[in-house]
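Remarks on the structure that follows.
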There are 2 protein chains.
Amino acid sequence: MNRASDLAALAALLADQTRAAMCLALLDGRAWTAGELAAHVGVAPSTATGHLHRLIDGGLLAERRQGRHRYVQLADPTVAHLIEDLSARFGPRPAPARGLREATAGAALRRGRTCYDHLAGRLGVGLTDAMTAAGLLDQANGFALTATGLAWLTDELELSPDELRSGRRPVARGCLDWTERRQHLAGTAGAQLCRRLLDNRWVARIGSGRAVRLTPAGKTALGRLLELPDLD
Amino acid sequence: MNRASDLAALAALLADQTRAAMCLALLDGRAWTAGELAAHVGVAPSTATGHLHRLIDGGLLAERRQGRHRYVQLADPTVAHLIEDLSARFGPRPAPARGLREATAGAALRRGRTCYDHLAGRLGVGLTDAMTAAGLLDQANGFALTATGLAWLTDELELSPDELRSGRRPVARGCLDWTERRQHLAGTAGAQLCRRLLDNRWVARIGSGRAVRLTPAGKTALGRLLELPDLD
DNA sequence: ATGACGGTTCGGCGTGCGCCGAAGGGACCC
DNA sequence: GGGTCCCTTCGGCGCACGCCGAACCGTCAT
């Protein structure tokens, strides 16, 4: 009985179109100000304040006050995973693409983007497939790094073994992509890998959104380590 | 924009206490009649009808009409996983346990139960741990069967390899238990394993609910295959 | 045929909640 | 200090939705 009200209360946080749009925007993993979010989802600042209160009280969002700004972001990776999981129940949006500007932006997003803290889009899925083909990842019987996969991350990409297995978060887990309808690597391994590729400038952000692209340097460097498919 | 309304619409289905209670009841994986559900959650039959309509239209539930009865159950395993995932965000309910009857029922549930179509509770977690210790399951770098684990299921427990890798559902996946706060085996492997243990009468249902127990026969048989921990 | 039963449809009631604009309070800049 | 900016609180409006009881419709029993 009480369990049901907890579940209902949690679901109610996402059951409003405005709050849902806020959470989807925050899936980029970055901190937004209250005003930015209000403008992005198209409501008055006062309305946004109320929504943010509820989301923070419900534990989905975390806030950081700084001067006269109030930054807000997803409380932790499990929240991002929850929202991705829920979103995955809908088919890929064919993207109406009204103008050339939106069309190319949509195409860039489908090509590669960050999904909270790891890589998604064709880039994320392609990388995951390449790692699977190389025997680094086991996708057939679940979703886990193989022993060689773990060694590859620490030796070739110089990720810290300690950071990889920190906390309760699983090292490797699948995250269902809403455009590709395919699993891609998430978990701490996915997050660390994404960070390393960005740090190395093998992958770079396009503009200020979630879209990313493989740089020429990244293409050659990764090509030496894996059999990369053609990522358009 | 449209994506947000989809997400909100899906969440709205679970955002009502009555519908949430219905879904939690259906987590036992069985088909309930509309009247049973109405009585269980404490609303009038007419109210239940409306809720069931929405849940079915939203794709969370599937119906099967039979004579003057209308049976309803969760549409597919991904729905069960979704609800379990959401529920896992709350701590374990300490179970107020008003009377002896409820206390023992709660204890039985914590000891072992089915979670939609696989085993949970201490039994499910213990079995998962034993399989991990035996090198059948990799929990450290994700959640996947090892090659020997796959062979064990087909050779020792005579599960059909074809059935194991049928459809889009992953063979092995972790499901977070709300009493133990630990992962246990789900996915087709978890479902097939549960079915086999019930068929063998190594595990038996207690009464008509979700509670199950290890039978003496099951204890000796499984003890030959694994290093089973003490399951109280 | 008659009645019991499970489920559904419909109308009506109450309320919870999402929205806004106006007014107020800190933080920052000059 | 004055002005600007970001955010918040408050009051009020209106819609959406959850609830029930009454009436109705098949199905199954006797």
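By convention in this document, chain letters (A, B, ...) are assigned in the order of the sequence lines, proteins followed by strands, and residues within each chain are numbered from 1. In what follows, every heavy atom counts, from backbone to side chain, and hydrogens, waters and symmetry copies are set aside. From a predicted model like this one, the values you see are computed outputs, not experimental measurements.
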For the helix from C/dA1-D/dT30 to C/dC30-D/dG1, what is the angle between the axes at its two ends, each from 5 pairs, rounded to 10°?
30°
Bounded by its outermost nucleotides with an atom under 4.0 Å from a heavy atom of chain A, the footprint on DNA chain D reads D/dT4 to D/dT9
Taking the side chain as everything from C-beta on, heavy atoms only, tell me whether [X] gets closer than 4.5 Å to [Y].
X        : Y        : result
B/Leu27  : B/Arg210 : yes
B/Asn2   : A/Phe90  : no
B/Gln139 : A/Pro170 : no
A/Leu14  : A/Leu60  : yes
A/Ile206 : A/Arg113 : no
B/Tyr116 : B/Ile83  : no
A/Gln183 : A/Thr128 : no
B/Leu127 : B/Leu193 : yes

Quick one, A/Arg196 with A/Leu153, criterion side-chain contact (heavy atoms from CB on, under 4.5 Å). Give me CA distance, side-chain angles, the key distance, then yes/no.
CA-CA 10 Å; A/Arg196 172 52 41 102; A/Leu153 286 178; over 6 Å; no
Can you list everything that forms a side-chain contact (heavy atoms from CB on, under 4.5 Å) with B/Asp85? Sequence neighbours excluded, please.
A/His81, A/Leu82, A/Asp85, B/His81
Go through residues 24-34 of chain B and report each residue with a non-hydrogen atom lying under 4.0 Å from DNA chain C, sorted by number.
B/Thr33, B/Ala34
Listed in order of residue number, which residues of residues 45-63 of chain B have a non-hydrogen atom at under 4.0 Å from DNA chain C?
B/Pro45, B/Ser46, B/Thr49, B/His53
Looking at A/Asp16 and A/Arg54, does any basic side-chain N land under 4.0 Å from a carboxylate oxygen?
no
What heavy-atom pair brings B/Cys175 and B/His118 nearest, and what distance separates the two atoms?
SG-NE2, 3.6 Å
Which letter, B, S or -, goes with each nucleotide of nucleotides 24-30 of chain C from 5' to 3', with contact meaning a protein heavy atom under 4.0 Å?
---BS--
In terms of ring plane angle, is the pair B/Trp32 and B/His40 parallel, tilted or perpendicular, where the classes change at 30° and 60°?
perpendicular
Measure from the side-chain N and O atoms of B/Thr114 to the backbone N and O of B/Leu119, and report whether any donor-acceptor pair falls under 3.5 Å.
no
B/Arg205, CZ: over 12 other non-hydrogen atoms inside 6.0 angstrom
yes
